[in-house]
Amino acid sequence: MNLTERIAYIRGLAEGLKLDENKDEVKVINAMIDLLEDMAYDVAEMEDIVDDVCDQVDEIDGDLAEVEEEVYGWEDDRFEYDDDEDDDDDPFDDDEPYYEVTCPSCNETTIVDEDALIEGGLDCPYCGAEIEFDFSELKEDLDALEDVEDDKKDE
């Protein structure tokens, strides 16, 4: 039974009691039943609106997937995760570290693995610009740290 049917049932029960319509208590009960009936119609209308919006969002999602495939050359389903499937097919293996990289040209963020960092760069999947990784300063810092540790061992 939906809300409007339940309210109609309650209204029928109240009318079946054959209460005196002039008593204040009966007026309050009738007003509450009217309010519940109005609320039930509003909820039903909102449910219809939500259903329409969900349908529109599904259509937009499908259109966006087509655009992504056309523009980027890949399908969006590569990032879907299904709990029932074996984790061996998961492109983001928990044992391997991944890093977020922001393209300096378009400011979009993409996820890369350690191999891409070691290679020294990649092409942005969004705008095609080259993203380069420069670890020379990090290497210098690591070398300096090793020198300090070596000095401490010598003492």
Taking atom [atom1] of [X] and atom [atom2] of [Y], what is their separation to the nearest 0.5 Å?
X      : Y      : atom1 : atom2 : result
Glu108 : Cys127 : CD    : SG    : 8.5 Å
Leu3   : Asp42  : CG    : CG    : 11.0 Å
Ile60  : Asp55  : CD1   : CG    : 11.0 Å
Asp61  : Glu66  : CG    : CD    : 10.5 Å
Ile7   : Arg11  : CD1   : CZ    : 8.5 Å
Glu47  : Asn2   : CD    : CG    : 8.5 Å

**Request:** Answer yes or no: are there more than 12 heavy-atom neighbours, outside Glu5 itself, under 6.0 Å from its atom CD?
**Result:** yes
Of all the heavy-atom pairs spanning [X] and [Y], show the shortest one and how long it is.
X      : Y      : value
Ile111 : Glu100 : CG1-CG, 4.3 Å
Asn22  : Lys27  : O-CE, 3.8 Å
Thr4   : Ala40  : CG2-CB, 3.9 Å
Cys106 : Tyr126 : SG-CB, 4.1 Å
Glu21  : Asn30  : OE1-ND2, 3.1 Å
Thr102 : Thr109 : OG1-OG1, 3.3 Å

**Leu122 reachable from Tyr99 in the ILVMFWY side-chain graph, under 4.5 Å edges** = yes
**Message:** Quick check on the hydrophobic clustering: are Leu36 and Tyr9 connected, directly or via other members, by side-chain heavy-atom contacts under 4.5 Å?
**Reply:** no
**Request:** Kindly indicate whether the side chain of Asp63, heavy atoms from C-beta on, has any atom under 4.5 Å from the side chain of Val67.
**Result:** no
**Prompt:** Quick one: which of Val28, Ile29, Leu35 gives a side-chain contact (heavy atoms from CB on, under 4.5 Å) with Met32?
**Reply:** Val28
